Amino acid sequence: MSPGRTDQSAELQSISLTRLLPTFQTRLAYTPAMNLPAMARLSVLLLLALCSAACGAKQITRGAAGPLTATDAVAPGAAPAARAAGGALAVGEVAAAAYPSPIPITAQDPSWGDDAAPVTIVEFTDLQCPFCGRGHETIKKLEKHYGPQQLRVVVKHYPLPFHDKARPAAVIAAAIFHSHGRDVFWRFVDLCFEELEDESLTEILSDLDLEPTSLQKQVKDGHAMNKVIADLALGDKLGVNGTPHFFVNGLPLSGAQPFEAFEDIIDAQLQAAKVLQAEGLAPAAISPKLTTNNYKEPATPEPEPEPKRDKTVYYVPVGDSPVHGPDSAPITIVEFSDYQCPYCARVQATLHQLDAKYPGKIRFVFKQLPLPFHDRAMPAAQLSLEAYRRQGHEGFWHAKTKLFENSESLQDDDLKRIALELKLDPVATMKAIEKGKHQAAIQKDQDLAADVGARGTPHFFVNGQRLSGAQPLEKFVEIVEEQLLAVAELRKKGVAPNGVYAHLMKGGERPDPPARLTVGPAVARMPSQGNKAAPITVQIFSDFECPFCARTVPTLKKLQAHYGKRIRLVFRHYPLSFHEHAMAAHIAAHEVFVQRGNKAFWTYHDLLFDSEALDTDTLVTLAAKVGANEKTVRSAIETEKHKGVIEKDMAVASDGGIEGTPGFVINKGWHIGGAESYRTFQRVIEHALQHP
């Protein structure tokens, strides 16, 4: 994927430390389980706030101070952390100037191995990317195989915009390296790849026993942020467009490649290094020289033409949402918004200008879309709907205005103050927020947003036509003028003024029903959980070595807790050919099922997904934990005893059109592909219940 880049650095670096302090004092009340003293807890939360990024699919780029370069001064403490065991000068101190390379490496870059090693791997990574985690393990094997005298590994940060924890993790990692050196940096990286998907950054920092205040300076003064910004800019320049991405002495290698793919390149580079060494080239110059020889600049992409505006009319019903403007207005603008999103706040002035330009001709409709990484957006949405319930459309619009005016300060005390300003009972309002009183209405808006593809905020539909982002006034005017002409034609055909939007919505594009596949019914030989007579059966096509399959395990448990006796889970084997240990794991799992039944199978299922290794010894050891006979399990693996059963499941998946893992088939064929959200599963299940 090619993450887009927009300059948000000024906004990111303008966060006021003093303004945020009350915010996190309030938030401490919600973190009683943290194993940190109160002030340390506050420091962690403050640190994370300083690392937070903007909304939707946006990405940080360049800071106000500009990116770090190979000639930047090395901050105190950084150079020792970057030195290899052999004591050579860090490249950022001397070698960058003496031996220039198209892929610059400085003492600001975390590294492993000797600076004079003949082979350098530069890795662009995302600490929340499961493929980067897999690549990280391969790099460890390479380090062990080649040793620090032959191989150096250098890390560059490349957080992807759709990983909500990746950017703050990268900034914190840069701060840790600067303040605490290489060893602590690598421990943090290991923990991120092990725990970041399920744990918070706060918990990971706690596991490291770090004093959070020691990182705040690097984050606050922009040092760590600038490092990440510089890495992103370098990655873009070098043609990196996804993670993990490696350069082995300048030769690109993209994705979580196996050990052998690296080995082939490294061995060839070591041979080339011997030639240069025999010619008398200084050891520290060999890798930069080979990198210069090997590296090829990416082709400059042709500028993309401005995309044509999507003129599809989508079905975006007004429903019972808050409205501002007359029902007879020829233009209806539906806004999906988030009160904590700075772009949503910024576009409000444009909407006021639009209202003033076309008095009485625009009806504004508000839909709630609090984004999951904005922790105060949901409470603010609850407050606005409490105002709507008690004071109607006008009260809601006053609340909307107040919330966007205070979009950077939406803690409980701020919401209480806003409630008082709106003449709402602050006690009743805070109780409504705490209990999630209006969650059903918010979820309804979120579901509609998913149906119409409104994945970021702000997102608008002008008479059903999409306009995404905080667009300038002229973009709105362009659509409004077109629609005024179109509505005039509808009026000539007899469409009543207050019936225009309903008329447009009749032909609006509606979401497709869930995809359907035919895979056949579940049978008794398959591992299962739940009542066989349950109205919902979910067949799970899974691979024990697939990180995305592992990610769905908590989702499935949550579905079981919600639906209880109404849901049954059936496991289908689908080990993918490029996963080295997957077939053995599935054979062992089926042997556990044969020996010990469903209960043992599902316990073993969870143990496999939690395990860092799936070699035969580990598979046998884990099987013993659930009461299976170790010798029989080992024999089953070695003789591939259940391979026929597993291949039948694989054939069913392939014949049914399931092309990867995880894949799910609900009842007669409603299909979900990939590690989708809990809500996606819930919506398909509800659809299946309504269409038996």
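Only heavy atoms go into these numbers, but all of them, side chains included; no hydrogens, no water, no symmetry mates. Nothing here was measured: the structure is a model prediction, and the numbers come from that model.
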Which distance, rounded to the nearest 0.5 Å, do you find between the OG of S328 and the OH of Y501?
15.5 Å
Given side chains that start at C-beta, do those of I479 and N463 come closer than 4.5 Å, heavy atoms only?
no
Can you list the residues that meet the side chain to side chain donor-acceptor pair (under 3.5 Å) rule with K402, with sequence neighbours excluded?
E421
So, does D414 use its side chain to make a donor-acceptor pair with the main chain of N406 at under 3.5 Å?
no
Trace of the side chain to side chain contact (heavy atoms under 4.5 Å, CB included) decision for V323 with F364:
CA-CA 6 Å; V323 171; F364 295 91; over 6 Å; no
Using 0.5 Å steps for rounding, measure from the CG atom of L420 to the CZ atom of R417.
9.5 Å
Would you mind reporting whether I666 and T537 have side-chain heavy atoms less than 4.5 Å apart?
no
List the atom of A688, the atom of N667, and the distance in Å for their closest heavy-atom pair.
CB-ND2, 4.1 Å
Under 3.5 Å donor-acceptor, D445 side chain and K367 backbone:
no
Expected output: side-chain Y158 to main-chain V240 donor-acceptor under 3.5 Å
yes
For D425 and K431, what are the C-alpha separation, side-chain angles and deciding distance, and is it a salt bridge (charged side-chain N to carboxylate O under 4.0 Å, His left out)?
CA-CA 10 Å; D425 181 340; K431 187 175 290 186; over 6 Å; no
Side chain to side chain contact (heavy atoms under 4.5 Å, CB included) between Q539 and V519: does it pass, once the steps are laid out?
CA-CA 9 Å; Q539 295 190 59; V519 298; 3.9 Å; yes
Are there more than 12 heavy atoms of other residues, nucleotides or ligands under 6.0 Å from atom CD of E434?
no
Under 3.5 Å, is there a donor-acceptor pair between the side chain of E405 and the main chain of A345?
no
Sub-4.5 Å side-chain heavy-atom contact between D236 and L234:
no
Does a side-chain heavy-atom distance below 4.5 Å link V313 with E509?
no
Do Y358 and E481 have a side chain donor and acceptor closer than 3.5 Å?
yes
Sub-3.5 Å donor-acceptor pair from the side chain of R491 to the main-chain atoms of V495, do we have one?
yes
Any non-hydrogen side-chain atom of Y343 less than 4.5 Å from a side-chain atom of P458?
yes
For K311, give me all partners under side chain to side chain contact (heavy atoms under 4.5 Å, CB included), at least two apart in sequence or on another chain.
R309, Q465, E482
So, for P159 and A170, which heavy atoms are closest and what is the spacing to 0.1 Å?
CG-CB, 4.2 Å
Would you say the side chains of T552 and T555 form a donor-acceptor pair under 3.5 Å?
no
Does atom NZ of K437 have more than 12 heavy-atom neighbours, drawn from other residues, nucleotides or ligands, at distances under 6.0 Å?
yes
Hey, are the side chains of L385 and L383 touching, using non-hydrogen atoms and a 4.5 Å cut-off?
no
Do R376 and D412 sit within salt-bridge range, that is, some charged N less than 4.0 Å from a carboxylate O?
yes
Does this structure show an ion pair linking R683 with D451, if we count only N-O contacts that are shorter than 4.0 Å?
yes
Write down the atom of L689, the atom of P535, and the distance for their closest heavy-atom approach.
CD2-CB, 4.0 Å
Side-chain contact test, heavy atoms from C-beta onward, threshold under 4.5 Å: evaluate it for Q682 versus H687 and give yes or no.
no
For the student: nearest non-hydrogen atoms of K416 and P426, plus distance:
O-CB, 4.3 Å
Rounded to the nearest 0.5 Å, how far apart are CD of Q340 and OG1 of T457?
10.5 Å
Where the side chain of E676 meets the backbone of I672, is there a donor-acceptor pair that is under 3.5 Å apart?
no
Atom pairs and distances, side-chain donor-acceptor, residues 466-473, under 3.5 Å, sequence neighbours left out:
residue : atom : partner : partner atom : Å
R466    : NH1  : V452    : O            : 3.0
R466    : NH1  : G453    : O            : 3.4
R466    : NH1  : H459    : NE2          : 2.9
R466    : NH2  : Y314    : OH           : 3.3
R466    : NH2  : V452    : O            : 2.8
Q471    : NE2  : S468    : O            : 2.7

For L201 and P168 the tightest heavy-atom approach is CD1-CB, 3.8 Å
Are Y315 and F461 close enough that their ring centres sit under 6.0 Å apart?
no
Please confirm whether the backbone N or O of H157 pairs with a side-chain atom of D231, one donor and one acceptor, at under 3.5 Å?
yes
Q368 side chain to D338 side chain, donor-acceptor N/O pair below 3.5 angstrom:
no
In this structure, is the centre-to-centre distance between the rings of F404 and Y339 below 6.0 Å?
yes
Distance in Å, T401 OG1 paired with I418 CD1, rounded so as to fall on 0.5 Å steps
11.0 Å
To the nearest 0.5 Å, atom CD1 of I567 lies from atom CG of L569 at 5.5 Å
If we only count heavy atoms from C-beta on, is the I333 to V365 side-chain gap below 4.5 Å?
no
Answer yes or no: is there a donor N or O on one side and an acceptor on the other, between the side chain of H562 and the main chain of K558, under 3.5 Å?
no
Minimum heavy-atom distance between C549 and T661, given as atom pair plus value:
SG-CB, 3.5 Å
Ionic contact status for E386 with R390, cut-off 4.0 Å
yes
Any ion pair linking D447 and K444 (charged N to carboxylate O, less than 4.0 Å)?
no
Between L351 and F476, does a side chain to side chain contact (heavy atoms under 4.5 Å, CB included) hold up when you go through it step by step?
CA-CA 9 Å; L351 299 179; F476 285 94; 4.2 Å; yes
To the nearest 0.5 Å, atom CZ of F162 lies from atom CG of D126 at 7.5 Å
Tell me whether the rings of F366 and F396 are parallel (<30°), tilted (30 to 60°) or perpendicular (>60°).
tilted
Between Y563 and I685, does a side chain to side chain contact (heavy atoms under 4.5 Å, CB included) hold up when you go through it step by step?
CA-CA 10 Å; Y563 288 99; I685 288 172; 3.6 Å; yes
Starting from the C-alpha separation in whole Å, work towards a yes-or-no answer on side chain to side chain donor-acceptor pair (under 3.5 Å) for K423 and Q391.
CA-CA 10 Å; K423 296 182 171 53; Q391 298 178 349; over 6 Å; no
